[in-house]
Amino acid sequence: MPVDFPADENGDVLRAMQADGDDLSVARDIDFSLLFGDEESAKTFCVIFAEKGYEVDYGPWEIDHDNVTDLNFGKWNVQVVHHMVPDHAAITAFEAELQEAATPLGGRNDGWGCFQVNEV
């Protein structure tokens with residue numbers, strides 16, 4: 001049975017996933033991306049979430065300079081992997097937790113993504 005999602009960015013992504021036949025009741029690894037202005041801040045953030053038990057990774061942010069308006073921000077990308085059901089409230093809450101830790105380090109959320117799980 002289709003679920004209706006709030007009219008926001010997370011709801012838009014979940015609606016598109018549902019329309020593509022993704023089984024949103026199945027837990028999977030969801031990759032959350034954050035951007036930081038320097039390597040030290042990215043590393044510090046990684047330590048915080050690694051200590052909480054999450055898989056984390058970071059590296060230089062690779063961008064398409066023709067399609068980016070703010071070239072001075074986001075020199076370092078951090079990825080936090082959270083195994084969870086793609087639920088709107090849970091994703092939104094985890095993004096808030098990530099942002100709360102990222103803000104003092106000058107970081108910001110940059111979206112999330114995951115592989116599709118087809119309905120059987």
Side-chain angles (χ1 to χ4, degrees):
M1 176 162 99
V3 175
D4 191 24
F5 300 101
D8 61 16
E9 192 173 343
N10 288 338
D12 293 345
V13 172
L14 291 166
R15 246 186 310 286
M17 291 169 66
Q18 182 174 259
D20 285 343
D22 199 328
D23 185 349
L24 299 180
S25 68
V26 177
R28 79 278 313 266
D29 287 345
I30 299 180
D31 302 327
F32 292 84
S33 295
L34 297 99
L35 298 177
F36 293 86
D38 61 80
E39 184 177 12
E40 191 59 35
S41 296
K43 280 182 177 178
T44 300
F45 183 87
C46 285
V47 169
I48 293 168
F49 278 84
E51 288 177 350
K52 292 182 178 195
Y54 294 100
E55 179 184 334
V56 296
D57 194 18
Y58 81 99
W61 186 44
E62 297 178 16
I63 58 174
D64 176 357
H65 292 283
D66 295 332
N67 295 317
V68 175
T69 55
D70 182 3
L71 298 177
N72 294 320
F73 188 82
K75 296 177 184 169
W76 291 89
N77 182 61
V78 170
Q79 184 174 42
V80 178
V81 180
H82 187 346
H83 190 80
M84 63 190 297
V85 171
D87 171 79
H88 185 275
I91 288 170
T92 301
F94 191 62
E95 283 185 318
E97 180 182 347
L98 293 168
Q99 189 60 58
E100 183 177 336
T103 296
L105 299 169
R108 66 174 168 89
N109 283 314
D110 192 45
W112 58 272
C114 58
F115 287 106
Q116 180 170 331
V117 175
N118 293 324
E119 294 180 88
V120 222

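Excluded from the calculations below are hydrogen atoms, water molecules and symmetry mates; all remaining heavy atoms, backbone and side chain alike, are included. The chain is numbered in sequence order, starting from 1.
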Enter the distance from [X]:[atom1] to [Y]:[atom2] here, rounded to the nearest 0.5 Å.
X	Y	atom1	atom2	value
Leu34	Tyr58	CG	OH	15.0 Å
Glu39	Lys75	CD	NZ	12.0 Å
Asn109	Leu98	CG	CG	5.5 Å
Trp112	Ile91	CH2	CD1	3.5 Å
Phe49	Glu55	CZ	CD	14.5 Å
Asp22	Asn118	CG	CG	7.0 Å

>> Please determine whether the number of non-hydrogen atoms from other residues, nucleotides or ligands lying under 6.0 Å from atom CD of Glu9 exceeds 12.
In response: no
>> Tell me whether Gln99 at atom CD has more than 12 heavy atoms from other residues, nucleotides or ligands lying less than 6.0 Å away.
In response: yes
>> Hydrophobic cluster membership, with links at side-chain heavy-atom distances under 4.5 Å among I/L/V/M/F/W/Y: are Phe36 and Val81 in one?
In response: no
If you look at every heavy atom in [X] and [Y], which pair is closest and at what distance?
X	Y	result
Met17	Arg28	CE-NH1, 3.8 Å
Ser25	Asp23	OG-OD1, 2.6 Å
Phe5	Leu24	CZ-CD1, 3.6 Å
Cys46	Val78	SG-CG1, 3.8 Å
Pro104	Ala101	CD-O, 3.4 Å

[X] vs [Y] side-chain heavy atoms within contact, under 4.5 Å:
X	Y	value
Val85	Val26	no
Val56	Phe45	no
Phe94	Val80	yes

> Aromatic rings Phe32 and His82: how do their planes relate, parallel, tilted or perpendicular, breaks at 30° and 60°?
Replying inline: tilted
>> Applying the side-chain hydrogen bond (donor to acceptor under 3.5 Å, both in side chains) criterion to Asn10, which one of Arg15, Glu95, His88 satisfies it?
In response: Glu95
